[in-house]
Amino acid sequence: MDPQSAAARHVAVIAGHLNCPSPSAAAPLALAACLRYDPPELSENPPAFDLAALRRILDGHDLEARDWLFRLMEESPLFCPRRRGDRTFVAPDYNQTKEQQRAVTMRRIEYLLRRGVFEGWVTGSGPEAELRKLAFFECIAIYDHSLSIKLGVTYFLWGGAIRFFGTKRHHDKWLKATEDYQVKGCFAMTELGHGSNVRGIETIAIYDTNTGEFVINTPCESAQKYWIGGAANHATHTIIFSQLLINGTNQGIHAFVAQIRDADGNVCPNVRIADCGHKIGLNGVDNGRIWFDNLRVPRENLLNSVADVLPDGQYVSSIKDKDKRFAAFMAPLTFGRVNIAATAVYISKVALAITVRYALTRRAFSISANGPEVLLLDYPSHQWRILPLIAKTCAMSSAANYLKRLYVKRTPETNKSIHIYSSSLKATLTWHNMRALQECRKACGGQGLKTENRIGILNGEYDVQSTFEGDNNVLMQQVSKALLAEYLAAEKMKSPFNGLGLEHMNDPCPIIPANLTSCTIRSIKFQLDLLCLRERDLLGRYAGEVSQYQAQGESKQKAVLLSHQLADELARAFTERTILQTFADDEMTQSAGPLKELLGLLRSMYALICVEEDASFLRYGYLSLESAAAVRKEVMKLCGDLRPHALSVVSSFGIPDAFLSPIAFDWIQANSWASLSNE
Amino acid sequence: MDPQSAAARHVAVIAGHLNCPSPSAAAPLALAACLRYDPPELSENPPAFDLAALRRILDGHDLEARDWLFRLMEESPLFCPRRRGDRTFVAPDYNQTKEQQRAVTMRRIEYLLRRGVFEGWVTGSGPEAELRKLAFFECIAIYDHSLSIKLGVTYFLWGGAIRFFGTKRHHDKWLKATEDYQVKGCFAMTELGHGSNVRGIETIAIYDTNTGEFVINTPCESAQKYWIGGAANHATHTIIFSQLLINGTNQGIHAFVAQIRDADGNVCPNVRIADCGHKIGLNGVDNGRIWFDNLRVPRENLLNSVADVLPDGQYVSSIKDKDKRFAAFMAPLTFGRVNIAATAVYISKVALAITVRYALTRRAFSISANGPEVLLLDYPSHQWRILPLIAKTCAMSSAANYLKRLYVKRTPETNKSIHIYSSSLKATLTWHNMRALQECRKACGGQGLKTENRIGILNGEYDVQSTFEGDNNVLMQQVSKALLAEYLAAEKMKSPFNGLGLEHMNDPCPIIPANLTSCTIRSIKFQLDLLCLRERDLLGRYAGEVSQYQAQGESKQKAVLLSHQLADELARAFTERTILQTFADDEMTQSAGPLKELLGLLRSMYALICVEEDASFLRYGYLSLESAAAVRKEVMKLCGDLRPHALSVAFHVLPTPIWIVYLSSLSWLRHHARGTPLLRRTTAASHEQLAGAVVPDGREEVATHVRKRRASGRTVISNCGAFNEAAAAIKDQ
């Protein structure tokens, strides 16, 4: 009998007892460890590549700034450091009412403010400053989504609106005060009756020439402002989105600034505010509802960068087209989508790092009699659940970095691309995040349900991502509509495709080889060809189906609605091809070596799991049944190839240990009776 | 310009202002309704079939008992009735710490106890009593998962263990006290180091012949009992699962009874207890951790129905095989799986009823210039998201009812079937529930995130279902392993398949026609043939792959692990075929008529969405590309065919009283009138009104109610009167 086996240890313990004349006289059982925790750093092979180099690729920018901010949070008692075993973890206390969570969120903001985290967030400019802001946001978000959202509302929705819709008078008055968190702005756009369909909002502003003021009203209950972050407790000012009526003509949606609380925190006259109540997450954010009753704001409070009302009531705008004017007002939401997409990937990293570490230390079931129990990550089924998620997360990091760079260097010419990429990546990366969180929570079994282990609670906290700042389904339908417009334009003009990576449409249709070898399947060319083939075919099919419905007498809009399934498939094909391309581009920048090899494995896993998980490849015949079987087999092989690197890859995610959770380390010690006294 | 359009109304409002010399002198804007709430009962067609009859099929049993229990919960202030607009809803207050949630859960149990809800739960027997218990569990669960789980631990895990593993001495001592909730038992099985793999637990019991006692120990930290529901605060007793060592030989897992708290609630000597802490749901359950330090229990406390230790220390058992003995100890967990499966379907119903009602009253975007905004449920994409979930939920109700009937009439012969069906349906129905909750939460947009609208919070509360009482993935792998055993046995014995619905394997392979008409696609024969074909082929493939790995030198166990993908596909194929069959059986019992037609539509939708969502049909060539396209087209047509029945199916036959269903829907505008959402306890008078308004088949009542309100002009969403009333209410806070 193996002297180290559990049975042998049991028997030894018992033997000790049986040697005693009476068990009652025996010394208490020695609490010897039966299951032993082996740190994965010792049980796994050392990294085969440079971890720091991979982190540089995945994080993309501002690694030092991130670490500085992580440390700031770890250092403050406001961030609830908690002792588990011989480690300290920081995470909010979610066993609190929403009132308590809101109060502590506010105190955390004040702390970060004092430490200078927000410097330049409103008054600064330039690509580097913007990238650093985005990095800070990602870091704050992995501590707590409420904290990041509450800051985002004030600094980016309110601050961005003042900056981009406002002119000098607004900048002078509010930008600095916003950066110093003296003015706490909110962003009153959505209403009870209208969320995604912003153009349908019902709040009304009219202009009073006698006093030179706008009079703003909530004409009915469905027009109450709803979900307004910060409104319920703390906001002092708000941007009000409202229809603007001039001489009986609706000029469409405009943005006005109004103060809603005085210096003492009392709600201003002609404004009523109520709470949105308890939510399934984000309870640290005081979402509120606002009604306006003949609220008067000075004429100067119209944010007038694209349109203005002169003192005599005359309406003037540099953008004559109402649709374009509306689009101009939606621009600051783009920052939100970029930020949400990047954050979603970061959260997946937290969950995967915890899950992989746990799967390398937790065993279940033996597969041979008296054999040791098997590590979770050595089950082929567990590998199949987790490793593709890691590859996706890495590939999506590249895509998020691409989007961020595009955004911070935006020009009028790139606006359309940014809109489409931010829509498709916001939807796809947040869906991925929810899936990763759900899979990781289950892969950790019951431990995934414990709030202190983070994965489960992140699920509730981040659920909102799939519907806010543009419902994911709506965004993906918009992406397909935009691609359809490109297609129709190219067809009509007989001009080549240009932009959005659609240039491959100008080439001859790629040929997928009939007999797939492992080597072919793992080549970038095959993978890109296959994903391009799908995109090309689906775009043609979608255009065909829409025009067929139109030929049957349906309106264009109705035809698009009826073709929703192809639209979804197309948007997915476009997004996955984009992600693969950005990831392959990052791989190409590396010189040959172990890191590049690893990136190749991850890229192959990303491309092939996309193929494996989308039935389109079979449904529309892009792959034969034999080729699909070969792809599946290759995914299984890739699981085996990536398994030895799992720990290294998640280690290079750059998430500090304190932001992981007890099951990522010695979970036996963390749960020991002795460690209770430290909690 | 259409005078009813929003734009026209806006202009009218504004015109009023412009006629005034100065806006400052104008009267405040009249709060006219811009968006109007039209109750779906009035905007939708009347039901085309007998709603009560459909409810009887879906609920399957104990409709009156369910309604009685719903009313009990509605009547008590402990269940947090809350006024929203002109309605009252009951739901727990989740803006509470876990300590508060645990305390109120306990008070709710005491209330239900006083009202006699648990009578016969431990001491009663017979299929009817068991079915009623199951019905009660489902009803309690749609109020709050914590409440149902906390009861389940005591009544079914502890109570069931005493009953099934114990003998007369245990029954006499504990059964009645358990039913009266004097003894609050818990069930200490899982440990920190071992959950699904129960056989690996490390707690050790040895027998002391000198004193006639067992000495139980937690030999190391990984052996601490973990997740034990009720242990942290309230349990007085526990079943301890432990390895039993007799003369140095491990006899495997046995169950012992021990008291862990005295009458004053103090933890007993030689026992240590700690809390499992805050969770993402179920915070009303006090999950705890337990350590035993030389805890001594009398020899009589071994639950000895299958094995015993005589006073002299001799071990005796009627079951010699350790594996079989272990299986006998796992038996009470079957009740849990049956209950979880049935509950999961019930929760989906709550979410779908809310979502459908909201989708019939919420509009977004116009598809033509100045046209009205479109109802969510009139979007083809929204129909595709929601209507298949309704069909699945109905089909799974039939399957859950089948499982419950099988369970309550169990015999030694049906044990294997019950184990397989309960595993596959527990996994499949809870996965479905999670998916339905997630889809519904998103389909309701931001409103789905508000705790008061229930869908979102149910997601967190029910997440545990997919891993407790057997991890879903592990269960499905076990199902496939069991099917493989059947296959190998039939092959070896050259005997026909018998049981588990596998008899179709004895027939010739079904032929799927090449050219599919709509009529063929909607036929039971085609649908069953196609699902049987998939199951048959996958079972053969799975057996082939496993034996191929074995031929390459892998052990049987390893070969099974490597074939996990086919195992998953096979288990899914088996389960979906079973569900389709039980649903078709229920359909067949109906005589021709509108209800049977509706069931046919739902059954077709169920079968075809299974085909649409499983790539196996394409991957293994059960369907040609053309046929798959025809199936997809048919699903789209079925969406159109089911759309008019959505309200009738999802709401009226829903086995829940209207208070839950109306939550985010009927009064979604009205209940947001300023001031009303804040918590306000209802008066006794309003309870009476409410009780009067709730009838099991409430449609007519509701419609009349709504018509009356309309006639009296109170449907104007926020007239000044309502406004002042609401403002006054806020001041009262």
Side-chain angles (χ1 to χ4, degrees), chain A residues 13-14 17 22-23 28-29 31-35 95 97-98 192-193 195-197 202 208 210 215 217 219-222 227 245 277-280 294 364-365 367 380-381 442 445-446 449-452 456-457 460 464 466-467 557-558 561-562 564 615 618-619 621 625 628 668 671-673 676, chain B residues 13-14 22-23 28-29 31-35 95 97-98 192-193 195-197 202 208 210 215 217 219-222 227 245 274 277-280 293-294 364-365 367 380-381 442 445-446 449-452 456-457 460 464 466-467 557-558 561-562 564 615 618-619 621 625 669 672-673 717-718:
Chain A
V13 167
I14 297 311
H17 280 265
S22 152
L29 276 173
L31 290 178
C34 310
L35 276 191
N95 187 26
T97 62
K98 69 178 195 299
L192 173 60
S196 288
N197 183 11
E202 298 169 310
D208 180 355
N210 294 342
V215 186
N217 270 289
C220 50
E221 286 299 348
S222 55
W227 289 127
L245 282 113
H278 190 263
K279 305 177 293 281
I280 67 165
N294 281 325
F365 298 103
I367 60 165
S381 54
K442 288 183 274 185
L449 296 166
K450 287 191 76 165
T451 301
E452 70 170 16
I457 200 87
V464 64
S466 54
T467 52
Q557 285 82 350
K558 188 74 193 292
L561 292 187
L562 287 168
H564 65 94
L618 290 161
R619 182 180 295 279
L625 304 191
I668 297 177
N671 277 289
S672 67
W673 180 263
L676 275 173
Chain B
V13 166
I14 297 312
S22 152
L29 275 174
L31 292 177
C34 309
L35 277 190
N95 186 27
T97 62
K98 68 177 195 300
L192 173 61
S196 287
N197 183 12
E202 300 169 308
D208 180 355
N210 295 341
V215 186
N217 270 289
C220 50
E221 286 297 347
S222 56
W227 288 127
L245 283 114
H278 190 263
K279 306 178 292 281
I280 67 165
D293 311 310
N294 280 326
F365 297 103
I367 60 165
S381 54
K442 288 183 273 186
L449 297 166
K450 288 191 74 166
T451 301
E452 69 169 13
I457 200 88
V464 64
S466 54
T467 51
Q557 284 82 349
K558 188 77 192 291
L561 292 185
L562 288 167
H564 64 95
L618 290 161
R619 181 179 296 279
L625 304 192
L669 278 177
H672 283 97
I717 289 154
S718 32

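Remember, it's a predicted structure, so these values are computed and weren't measured experimentally. Every chain is numbered from 1, with letters handed out A, B, ... down the list of sequences.
Contacts with chain B were tallied for Gly446(A), Gly195(A), Gly445(A); Gly446(A) has the most, counting heavy-atom pairs under 4.5 Å. The choice from Leu192(B), Leu562(B), Ile457(B) that makes the most heavy-atom pairs within less than 4.5 Å of chain A is Leu192(B). Per-residue counts of heavy-atom pairs under 4.5 Å with chain B were compared for Gly460(A), Gly621(A), Ser196(A); the largest is that of Ser196(A).
Ser381(B) and His564(A) share no side-chain donor-acceptor pair at under 3.5 Å.
Shown here for Leu676(A) and Ala274(B), the closest heavy-atom pair between the two residues is CD1-CB, 3.5 Å. The minimum heavy-atom distance linking Leu618(A) with Leu625(B) is given by the pair O-CD2, 3.1 Å. The minimum heavy-atom distance linking Lys442(A) with Thr467(B) is given by the pair O-CG2, 3.9 Å. In terms of heavy-atom proximity, Leu449(A) sits nearest to Val464(B) at CD1-CG2, 3.4 Å.
The main-chain N or O of Trp673(A) is found under 3.5 Å from a side-chain atom of Glu221(B) such that the two form a donor-acceptor pair. With hydrogens and angles disregarded, a donor-acceptor distance shorter than 3.5 Å links the side chain of Asn95(B) to the backbone of Lys98(A).
Annotation: side-chain contact (heavy atoms from CB on, under 4.5 Å) contacts of Leu561(B) (sequence neighbours excluded): Ile367(A), Tyr379(A), Pro380(A).
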